[in-house]
Structure formats: C-alpha cells, structure tokens
Protein chains: 2
Amino acid sequence: MKGNTVFKRSYNRALDLLAGREAGAALPSESDLAQALDVSRTTVRAVLAALGEAGIVARAEEDGGPARRRLGRRPGPGDYFPDTQTLSAGAAVERRFMEWILQGDFRAGQLLNAAELARQFGTSTTTIREHLAQFQHFGLLERRPNSAWLFKGLTPEFANEIYDVREMFELRATRSFVELPEESEPWCELLAIEAEHHALLANIDTEYPSFPQLDERLHRVIHETTDNRFIIDFYDIISTIFHYTYQWNKVDEKQRNTTALMEHLDYIEALRSRDQRAIDTRCRKHLRTARATLLRSIADGPFSLDTLPPGAAS
Amino acid sequence: MKGNTVFKRSYNRALDLLAGREAGAALPSESDLAQALDVSRTTVRAVLAALGEAGIVARAEEDGGPARRRLGRRPGPGDYFPDTQTLSAGAAVERRFMEWILQGDFRAGQLLNAAELARQFGTSTTTIREHLAQFQHFGLLERRPNSAWLFKGLTPEFANEIYDVREMFELRATRSFVELPEESEPWCELLAIEAEHHALLANIDTEYPSFPQLDERLHRVIHETTDNRFIIDFYDIISTIFHYTYQWNKVDEKQRNTTALMEHLDYIEALRSRDQRAIDTRCRKHLRTARATLLRSIADGPFSLDTLPPGAAS
DNA sequence: AATCTGTTTTTAATGTAAAAAAAACAGCGC
DNA sequence: GCGCTGTTTTTTTTACATTAAAAACAGATT
C-alpha cells in the first residue's frame with residue numbers, strides 16, 4: 001500500500017557510508033545515522049536490522065550495556081538495491097511521463113485518461129492524479145473537470161512562452177544580484193562558478209557532459225537573489241524541463257555546451273562590471289541562444305535515447 | 001464515495017431554465033438540456049427523474065411514440081437544493097481553506113497536517129491532499145515530503161512578491177494589447193468595460209459592490225492578449241487571492257473602489273492613446289495603489305466577516 | 001542532564017473500492 | 001440518415017484501508 005523507497009534509498013546510502021570503514025569498527029549512533037541519511041530514526045533502525053540480516057553489521061552483546069553495533073563485513077556491489085527501486089512512486093511517474101513526452105508518445109492536443117496511464121505506468125490512479133497536477137503547473141497539461149487531461153504539447157509556442165517569462169525574470173534577478181556586496185554568499189558562488197567554467201573549458205573534450213549542472217548553478221544563484229517565491233518557483237519549472245531535454249537531445253552536444261560556456265563567461269564578466277547595460281545585452285544574448293537550442297530540439301523531436309553520431313543533425 | 005454535487009448544481013440550474021415556462025409546455029430533448037446545462041446526458045436523465053419525483057415534470061404517455069416530457073408545475077423557491085451542497089468537495093476545501101487563512105486561523109510558519117484538516121473540514125485526506133497542492137502553487141504553502149505542510153502566511157512579503165511579478169506581467173501585457181487593431185475583440189471589450197465604469201460611477205453609492213467583477217474583466221482582458229500560458233495562469237492566482245480578500249475586507253470599501261475606478265479610467269485613456277510612456281505611468285500608479293490596499297488589508301488582518309461601520313478602520 | 005536504544009503512537013503515501021458522471025452503444029420513429 | 005430515448009460500459013471523483021515513515025515517549029547508562 002505504500003512503497004518502501006525511503007528505506008531502500010537509505011539502505012544504499014548507508015552502504016556508501018560504511019564502505020570506507022574497517023571491518024569491526026563501531027557504528028555511529030542511530031540518531032547520528034538518521035541525521036547523516038536525512039531520515040527518521042525509525043527508518044535507520046529498519047536499515048540496521050536489514051544490514052544485520054545481510055551480515056554487514058553485527059551486534060556485540062556486551063553484558064549489561066546497550067548492544068553496540070559493529071561492522072561485520074565490508075559491503076560489496078551486490079548488496080545494493082537496484083536504482084530503479086529507489087524512486088518514490090510519485091517521482092517515478094514524473095520521470096516516465098516526461099520520457100513519454102520527449103519520445104513523442106503523446107501528441108499535442110491528445111486527451112489522456114488517468115485509468116489508462118495508471119495501467120501503463122503500473123501504479124494506481126491516485127498517484128497518477130496527484131502527479132499529473134504538477135504538469136498542469138508546467139503548462140504542459142490542462143485539466144478538464146470530470147473529464148480527461150489535455151496534453152498541450154512540447155511545442156514551439158511552449159518554448160517561446162517559457163522563454164519570454166524567463167527573460168523577464170532573469171533580467172529582474174540581475175538587478176537584485178548586482179546590489180549585493182562583493183563578499184556576499186551569492187557573489188562567492190559566482191566566482192567559484194566562473195572558475196569551474198574555465199576548468200571545464202580546459203577539458204571540454206571529456207568533461208562537456210557536466211555542463212548542465214554548472215548551467216543550473218549559475219542561473220539558480222542569480223534567480224535566488226530575488227527572494228521572490230514566484231520567480232524561484234518558475235526557475236524550478238525551467239530547471240526540470242531542461243533536466244529532461246538535456247538528457248534526450250544529444251545532437252551537437254559538445255558544440256552547444258562550448259558556446260553556452262563562452263556566453264556564460266561573457267555574462268559573468270558583465271555581472272562583475274555591474275554595468276546594467278552590458279548585463280542586459282549579455283544576458284539576452286545567452287537566453288536567445290538557449291531559446292533557439294530548445295526550439296531546435298523541439299522541431300527535431302521526438303527525441304531519441306540513442307546518441308546520434310556527430311554530424312547527424314538535420 | 002463520490003458526492004453528487006454536479007447533479008445538484010444541474011438540478012438547480014434546470015429549475016432556473018424551467019421557471020420561465022408555462023405549465024404543460026413540452027421540455028427540450030435530453031441532448032439539448034445536456035448542452036444547456038453543460039453536463040452529460042446521464043446527469044440530465046438523473047435530474048429529469050428527480051424532477052419527475054418532485055412532480056415538476058410529467059411524462060405524457062403517448063401511445064406508440066416516445067414518452068415526451070412536459071412541465072407539471074412551476075418550480076418554487078423550496079424546490080432548490082441549498083447552495084452549500086452545490087460546491088464540489090474540492091472547491092469547498094479551497095473555499096474553507098482560504099476563509100481560515102483570511103480569518104487568521106493559521107499563523108505564518110505553522111505546520112498543517114492533512115489528517116487534522118480532513119477532520120476539521122469534514123472530508124477525506126485524499127481530497128485535502130489534492131487541493132492543498134493548489135495552494136503550493138499560490139506560494140502560500142510549502143510541502144515537506146513525508147511530513148506536514150508549512151503555511152507560509154499571507155504576509156507583506158507575499159503581497160510584495162506577487163505584486164512585483166504582477167507589475168512585470170501587466171506591463172508586458174499592455175505591449176501586446178496596444179498592438180492589436182481597434183476593431184479586435186479585446187479592444188471592443190475594453191470600450192465596453194470603460195462604459196461600464198462610467199455607469200458604475202454614476203451610481204456609486206449603491207453599485208460599488210460590483211466593482212471587483214469589473215476589475216477582474218479589465219485586467220484579464222489585458223493579460224489574455226499575451227497568449228502566454230504562464231502569464232495567464234499567474235493572473236488566475238491573483239484573481240483568486242483577490243476574490244477572497246475583496247470578500248473579507250470591507251473597510252472603506254466604497255472609497256477604495258471609487259479611487260480604483262478613477263485610476264482605471266486614466267489607465268484606459270492611456271491605453272487608447274497607445275502612448276507607451278503614459279500607459280506605463282498609469283498602470284504603475286494603479287498597481288501601486290492596489291498593492292498598498294492589499295498590504296493594508298494584511299496588516300489590519302485577521303479579516304472579519306462583519307462589515308465594520310464607516311470610519312472604524314484603524 | 002545528556003545521550004543512547006527500545007517501544008508506542010501518529011501521520012503521510014499509496015493502493016483499492018464504490019458511487020457519480022461521462023461516453024459509447026443500440027434500437028426506434030421519422 | 002438523423003435525432004431521440006433506453007441501456008451498458010468506462011472513467012473520474014472520492015472515501016477508506018493498509019503499510020512505511022516520522023514523531024513522541026520511556027527506560028537505561030554514562
């Protein structure tokens with residue numbers, strides 16, 4: 001009735017924590033583990049019990065005192081739960097739904113029904129309903145009361161609408177960003193991000209796949225200085241959309257990432273100059289490129305799981 | 001297991017439709033009624049059956065032919081279901097939740113739990129969960145996974161954040177609005193709205209309570225010209241927030257509405273001049289007033305259901 | 001007193017079931 | 001063939017049940 005994904009995820013993370021220790025070493029207290037794994041002590045106890053079953057932790061029965069736990073054997077790769085089982089039912093629905101969209105399994109204007117999706121995704125209608133509501137927020141679905149859901153499509157209109165708002169919000173965010181003092185936390189983060197840009201460019205041939213994570217950090221640190229929940233929420237939407245499109249659209253990836261890195265450096269330079277005019281120019285230029293990339297992805301879609309050979313783009 | 005609010009609402013609306021007819025008149029076909037009431041024929045049939053029970057429609061048993069329905073007696077006020085029963089469980093939760101917020105039953109930072117709310121609101125946790133998610137979208141709630149909901153409060157910060165975004169969006173919307181030709185649908189609507197402003201001002205002493213509906217029409221027609229789902233969605237949030245605050249904050253209502261009407265007329269004049277500079281000035285001025293009104297309401301809160309006597313404001 | 005573990009109580013996540021509403025199907029009269 | 005009503009099938013809405021996880025409680029040891 002309720003999945004135990006929290007348990008499985010915690011179990012795997014506990015194995016990671018224990019991997020570095022010698023056999024026979026005493027374990028941290030339940031409370032400390034709970035804090036380290038970011039779950040309740042109840043879950044920690046379930047994990048420890050399972051680790052006991054697996055022979056990974058043993059209990060030293062000291063007379064009188066509380067039974068301290070010790071590491072029985074080093075955990076191996078076979079001890080882990082498969083990753084597929086560590087996603088909550090809800091998160092799994094989100095992921096699979098996004099995959100279906102990107103692979104073109106739904107057409108724009110198509111009506112989706114919850115019962116059918118529940119069957120296809122192997123969950124209950126309750127879970128489906130709860131999480132389809134999220135995509136309504138994304139502007140990808142529209143709910144028809146007492147009827148089906150309308151898939152509005154990952155269309156060029158969608159890309160343009162999301163980018164029109166993004167541009168307004170990001171330009172506004174630069175205003176609050178440049179007002180912060182040099183020593184403030186976001187500025188330190190900006191400098192760190194800039195350094196990582198140089199490091200990534202130096203090894204672009206092998207490291208280019210780590211660009212998205214850097215992109216996320218840069219734009220997020222800027223957006224978060226607004227302290228405006230609506231702007232930050234909206235960036236969460238953008239972030240999710242990108243997370244998935246980045247994963248599916250592999251065409252020209254290295255070239256695209258290199259261009260974006262250079263534009264980022266120009267943008268960062270403008271921010272450091274605190275010259276509003278320059279900031280607007282560089283920000284707009286970068287967002288224009290990013291918008292074109294998304295539009296291109298959509299036009300080329302449906303996306304493919306296979307990485308196409310270089311030069312295969314239309 | 002499922003409320004029959006659609007049935008009750010349709011029943012009441014059917015009574016309205018029938019009220020104007022003579023006893024003995026033939027009824028429209030089931031399909032026509034379904035279309036008129038905007039529900040399925042299944043519901044229409046249930047309504048007709050209930051109307052039959054109540055003696056409001058009678059079936060003329062014509063030999064051979066299909067049994068035509070006729071109006072048995074004119075419906076009276078006692079035939080209606082009470083309005084409280086015509087809201088879907090979900091809509092009822094939204095309404096009650098908003099009432100609780102406005103009356104100060106929740107404090108900012110308070111943790112809410114679904115089970116408790118379900119008990120208080122008299123519904124199931126399923127319904128509560130589904131609809132609390134909406135308020136997350138509003139920025140009023142934050143969901144803690146595997147834990148409670150955090151009420152973030154109808155605070156001055158909330159008002160300022162929502163108005164900062166509103167200002168960006170509405171100014172942007174005026175850009176698309178002024179690009180439309182004079183004969184376009186939104187412009188016709190604008191002229192109609194302007195005329196209604198004058199009409200309302202002429203009878204302000206008695207008509208001022210109908211201002212909110214006019215306010216909604218004006219701002220919505222402007223926002224909708226953007227054709228941007230994110231901007232329009234955001235206006236839906238604003239609209240809901242206002243719908244409830246208008247209902248609860250009755251202090252100085254006539255004066256506030258009069259001021260807003262005058263500002264609207266200035267704003268409309270600027271739009272008609274299509275002078276972007278003037279539009280920005282008037283729009284900003286009006287939104288500044290509206291923001292101050294909301295801030296004042298929040299500062300004075302919790303709101304009261306009683307209309308305070310004139311001059312009782314702090 | 002603080003910290004640890006064992007136990008009990010609550011609450012959230014999620015599947016299941018039942019009723020209401022929608023949609024599809026079928027026959028009839030014109 | 002078209003529109004109408006009667007019937008059957010699907011699907012949505014909503015309550016409820018069950019399990020995982022969190023939180024509160026309680027002794028025991030240092």
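Per chain, numbering begins at 1; letters A, B, ... match sequence-line order. What you see is a predicted model, and the numbers here were worked out from it, not measured in a lab.
Salt bridge present: B:Arg69 and B:Glu30 bring a charged side-chain N and a carboxylate O closer than 4.0 Å. Under 4.0 Å is where a charged nitrogen must lie from a carboxylate oxygen, and between A:Arg96 and A:Glu99 no such pair does.
Within the 4.0 Å cut-off from OP1 or OP2 of D:dA15, not a single side-chain nitrogen or oxygen of B:Arg129 is found. Close to D:dG6, at under 4.0 Å from its OP1 or OP2, lies a side-chain N or O of B:Arg45. Contact check, B:Arg59 against D:dG6: a side-chain N or O comes under 4.0 Å of OP1 or OP2. Side-chain nitrogen and oxygen atoms of A:Thr43 include at least one within less than 4.0 Å of the OP1 or OP2 phosphate oxygen of D:dA22. Contact annotation: A:Asn4 side-chain N/O to D:dA20 OP1/OP2 distance is not under 4.0 Å. Residue A:Asn113 places at least one side-chain N or O closer than 4.0 Å to OP1 or OP2 of D:dT11.
Contact of A:Lys2 with C:dA13 (side chain to base): no donor-acceptor pair of N or O atoms is detected under 3.5 Å. With hydrogens and angles ignored, a donor-acceptor pair closer than 3.5 Å exists between the side chain of B:Thr42 and the base of C:dA23. Checked by distance alone, A:Ser40 brings no side-chain donor or acceptor within 3.5 Å of a matching partner on the base of D:dA23.
Atoms CZ (B:Arg119) and P (D:dC16) sit 13 Å apart, rounded to a whole Å. Taking atom NZ of A:Lys8 as the reference point, atom P of D:dT19 lies 16 Å away to the nearest angstrom. When rounded to the nearest whole Å, the span between CD of B:Gln85 and C1' of C:dA20 equals 16 Å. Between B:Glu130 atom CD and D:dT12 atom P there is a gap of 12 Å when expressed in whole angstrom units. The distance from atom CG of B:Leu150 to atom C1' of C:dA12 is 16 Å, rounded to the nearest whole Å. For A:Leu117 and D:dT12, the CG to C1' distance is 13 Å, given to the nearest whole Å. For A:Phe7 and D:dT19, the CZ to C1' distance is 14 Å, given to the nearest whole Å. If you take CD1 of B:Ile128 and P of D:dA15, they are 9 Å apart, rounded to a whole angstrom.
Using a 4.0 Å heavy-atom distance criterion, B:Arg143 is classed as a sugar-phosphate-only contact.
Within the 3.5 Å criterion, the main-chain N or O of B:Arg229 finds a donor-acceptor partner in the side chain of A:Glu161. A distance-only check finds a donor-acceptor pair linking the side chain of A:Arg74 to the backbone of A:Arg21 [under 3.5 Å].
Closest contact between the side chain of A:Asn146 and the listed nucleotides D:dT5, C:dG15, C:dA21 involves C:dA21. Listed candidates were D:dT19, C:dA12, C:dT5. Nearest to the side chain of B:Ala114 is C:dA12. Checking D:dT5, C:dA12, D:dA15 against the side-chain heavy atoms of B:Ala148 singles out C:dA12 as nearest. Listed candidates were C:dT5, D:dT12, C:dA24. Nearest to the side chain of A:Arg69 is C:dT5.
Of the two residues near DNA chain C, B:Val44 and B:Glu116, the one whose nearest nucleotide lies more 5' is B:Glu116. Nearest-nucleotide positions on DNA chain D place A:Ser147 closer to the 5' end than the other of B:Thr125 and A:Ser147. Nearest-nucleotide positions on DNA chain D for B:Ser124 and B:Ser31 put B:Ser31 closer to the 5' end. Sequence order on DNA chain C of the closest nucleotides to B:Val6 and B:Thr126 puts B:Thr126 first from the 5' end.
Separation of the B:Phe135 and B:Phe151 ring centroids does not fall under the 6.0 Å cut-off. For B:Phe121 and B:Trp100, the ring centers are positioned less than 6.0 Å apart.
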